[in-house]
J.: 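I have a structure here, written as structure tokens, and I will follow up with some questions on it.
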Amino acid sequence: QVQLVESGGGLVQVGGSLRLSCAASGRTFSSFAMGWFRQAPGKDREFVAAISRSGVITFYPESVKGRFAISRDNAKNAVDLQMNSLKPEDTAVYSCAAASVDSRTWYSTDRRLYNYWGQGTQVTVSS
């Protein structure tokens, strides 16, 4: 079991930046690959970023590549998402997710492979 709590969401203007944090408690954080997903009203949950257990491997969809950066600190049981050059289409509820895996290089864009989810934090980008 792991509990995930996101923070750092809010209202920001187009072109601005936000840094989301996800704090984990429970099982050893380093045993989980982590991901960030987002869901806008009326839309499916969308993959945003993933990071392997070791933190060496990260992956992003084209929609956020070059603007978003995922990082983790296993000593602090936390994973962050730095979001720059924000656009109105980035508006959504952002959730972090954890997948219990053996491989230190595993990551996934598939939300169905993540076992644990946080409650989400709202990000609103105004034009």
Side-chain angles (χ1 to χ4, degrees):
Q1 280 278 50
V2 65
Q3 292 76 44
L4 304 172
V5 179
E6 302 93 338
S7 61
L11 175 65
V12 64
Q13 291 188 333
V14 169
S17 298
L18 278 176
R19 189 175 184 88
L20 306 183
S21 293
C22 174
S25 61
R27 279 179 54 189
T28 304
F29 181 65
S30 60
S31 66
F32 293 92
M34 300 298 296
W36 283 94
F37 292 79
R38 67 187 181 188
Q39 188 167 22
K43 295 188 176 181
D44 289 337
R45 185 169 284 179
E46 176 189 20
F47 167 72
V48 174
I51 190 166
S52 61
R53 283 178 51 194
S54 64
V56 171
I57 297 176
T58 59
F59 189 79
Y60 309 90
E62 287 299 321
S63 58
V64 307
K65 190 177 293 184
R67 300 189 298 122
F68 289 12
I70 188 172
S71 61
R72 67 186 295 161
D73 186 334
N74 287 341
K76 295 183 178 180
N77 293 347
V79 59
D80 290 349
L81 183 69
Q82 177 66 42
M83 306 186 296
N84 300 323
S85 302
L86 284 162
K87 305 175 181 180
E89 52 263 43
D90 294 321
T91 295
V93 175
Y94 284 71
S95 300
C96 65
S100 180
V101 295
D102 292 330
S103 170
R104 291 179 60 80
T105 58
W106 185 95
Y107 71 92
S108 179
T109 65
D110 187 347
R111 63 183 184 270
R112 297 170 298 179
L113 299 182
Y114 289 84
N115 314 96
Y116 304 98
W117 292 82
Q119 83 289 350
T121 185
Q122 176 70 46
V123 172
T124 303
V125 184
S126 65
S127 56

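These numbers come from a predicted model, not from an experiment.
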J.: Scan for side-chain hydrogen bond (donor to acceptor under 3.5 Å, both in side chains) pairs involving residues 40-50, sequence neighbours excluded, and state none if there are none.
T.: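 The answer is R38-E46.
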J.: Would you say K65 has more than 12 foreign heavy atoms packed within less than 6.0 Å of its NZ?
T.: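 Yes.
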J.: Does one hydrophobic cluster hold both F37 and I51, with members joined at side-chain heavy-atom distances below 4.5 Å?
T.: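 No, F37 and I51 fall in different hydrophobic clusters.
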J.: Say whether, by atom type as modelled, one donor and one acceptor occur between the side chain of E6 and the main chain of Q119 under 3.5 angstrom.
T.: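 Present.
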J.: For Q1 and Y116: C-alpha separation, side-chain torsions, deciding distance, then whether side chain to side chain contact (heavy atoms under 4.5 Å, CB included) applies.
T.: CA-CA 8 Å; Q1 280 278 50; Y116 304 98; 3.0 Å; yes
J.: Check step by step if side chain to side chain donor-acceptor pair (under 3.5 Å) holds for Q82 and N84.
T.: CA-CA 7 Å; Q82 177 66 42; N84 300 323; 2.9 Å; yes
J.: Got a sec, which residues hit salt bridge (charged side-chain N to carboxylate O under 4.0 Å, His left out) with E89, two or more places apart in sequence or on another chain?
T.: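 E89 satisfies salt bridge (charged side-chain N to carboxylate O under 4.0 Å, His left out) with no other residue.
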J.: When rounded to the nearest 0.5 angstrom, what is the spacing between OG1 in T121 and CG in L81?
T.: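 Result: 11.0 Å between the selected atoms.
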J.: Pair S52, S54 - check side chain to side chain donor-acceptor pair (under 3.5 Å), show working.
T.: CA-CA 5 Å; S52 61; S54 64; 3.3 Å; yes
J.: What distance separates L4 CG from F32 CZ, expressed to the nearest 0.5 Å?
T.: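 It comes to 8.0 Å.
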J.: Between G120 and S95, what is the shortest heavy-atom contact and its length?
T.: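 Closest approach of G120 to S95, heavy atoms only: CA-OG, 3.5 Å.
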J.: Who clusters with V93? Use side-chain heavy atoms, under 4.5 angstrom, across I, L, V, M, F, W and Y, and order the result by chain and number.
T.: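 Once heavy-atom contacts under 4.5 Å are chained together, V93 still belongs with nothing else.
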J.: Quick check on D110: does its CG atom have over 12 non-hydrogen neighbours (other residues, nucleotides or ligands) under 6.0 Å away?
T.: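 Count over threshold, so yes.
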J.: Measure the OG-NZ distance between S21 and K76 for me, rounded to the nearest 0.5 Å.
T.: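 Atom-to-atom, S21:OG and K76:NZ are 10.0 Å apart.
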J.: Between V79 and I70, does the side chain to side chain contact (heavy atoms under 4.5 Å, CB included) criterion hold? Intermediate values first, please.
T.: CA-CA 7 Å; V79 59; I70 188 172; 3.8 Å; yes
J.: Using 0.5 Å steps for rounding, measure from the CD atom of Q122 to the OG1 atom of T91.
T.: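 So the CD of Q122 and the OG1 of T91 are separated by 7.0 Å.
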J.: Suppose we screen for ring-ring contact (aromatic ring centres under 6.0 Å, His included). Which residues come up paired with Y60, at least two apart in sequence or across chains?
T.: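 Applying ring-ring contact (aromatic ring centres under 6.0 Å, His included) to Y60 gives none.
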J.: For residues N115 and A99, report the shortest heavy-atom separation together with the two atoms involved.
T.: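 Shortest heavy-atom contact: OD1-CA, 3.3 Å.
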J.: Looking at S30, is its backbone amide N or carbonyl O close enough to the side chain of T28 to form a donor-acceptor pair, meaning the two atoms are under 3.5 Å apart?
T.: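 No, because the side chain of T28 does not come within donor-acceptor range (under 3.5 Å) of the backbone of S30.
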J.: Hey, are the side chains of R19 and D80 touching, using non-hydrogen atoms and a 4.5 Å cut-off?
T.: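 In contact.
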J.: Could you go through Q13 and L86, starting from their C-alpha distance and side-chain angles, then the distance that decides it, and tell me whether this counts as side chain to side chain contact (heavy atoms under 4.5 Å, CB included)?
T.: CA-CA 8 Å; Q13 291 188 333; L86 284 162; over 6 Å; no
J.: Mind listing the closest non-hydrogen atom pair of S126 and L11 along with its distance?
T.: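 S126 and L11 have their closest heavy atoms at CB-CD1, 4.1 Å.
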J.: Quick check: is L18 connected to W36 through a chain of hydrophobic side chains (ILVMFWY, heavy atoms under 4.5 Å apart)?
T.: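 W36 clusters together with L18.
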J.: Any side-chain to backbone donor/acceptor pair from R72 onto G55? Under 3.5 Å, distance only.
T.: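 No, the answer is negative, given that no donor and acceptor are paired below the 3.5 Å cut-off.
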J.: Using every non-hydrogen atom in the two residues, find where F29 and A24 come nearest and quote the distance to one decimal.
T.: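 Here F29 and A24 meet closest at CD1-CB, 3.4 Å.
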J.: If you define the side chain from C-beta out and look only at heavy atoms, does anything of T109 sit under 4.5 Å from P61?
T.: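 Contact flag for T109/P61 side chains = no.
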J.: Checking Y94 now: which residues fulfil ring-ring contact (aromatic ring centres under 6.0 Å, His included) with it, not counting sequence neighbours?
T.: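 In terms of ring-ring contact (aromatic ring centres under 6.0 Å, His included), with neighbours along the sequence ignored, Y94 is linked to no residue.
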J.: Say whether, by atom type as modelled, one donor and one acceptor occur between the side chain of R53 and the main chain of W106 under 3.5 angstrom.
T.: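 Answer holds: no.
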J.: Testing the basics here: between S85 and S17, what is the closest heavy-atom pair and its distance to 0.1 Å?
T.: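 Closest approach of S85 to S17, heavy atoms only: N-OG, 4.3 Å.
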J.: Any chance you could measure M34, atom CE, to C96, atom SG, to the nearest 0.5 Å?
T.: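 Going from the CE atom of M34 to the SG atom of C96 covers 4.5 Å.
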J.: Rounded to the nearest 0.5 Å, how far apart are CG of L113 and OG of S108?
T.: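 Those atoms lie 4.0 Å apart.
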J.: Side chain to side chain contact (heavy atoms under 4.5 Å, CB included), that's the test. Do M83 and L20 meet it? Break it down for me.
T.: CA-CA 8 Å; M83 306 186 296; L20 306 183; 3.8 Å; yes
J.: Mind checking what makes ring-ring contact (aromatic ring centres under 6.0 Å, His included) contact with Y107, not counting sequence neighbours?
T.: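 Expected list: F59.
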J.: Could you tell me if the side chain of V14 sits less than 4.5 Å from the side chain of P88, heavy atoms only?
T.: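 A side-chain contact under 4.5 Å exists here.
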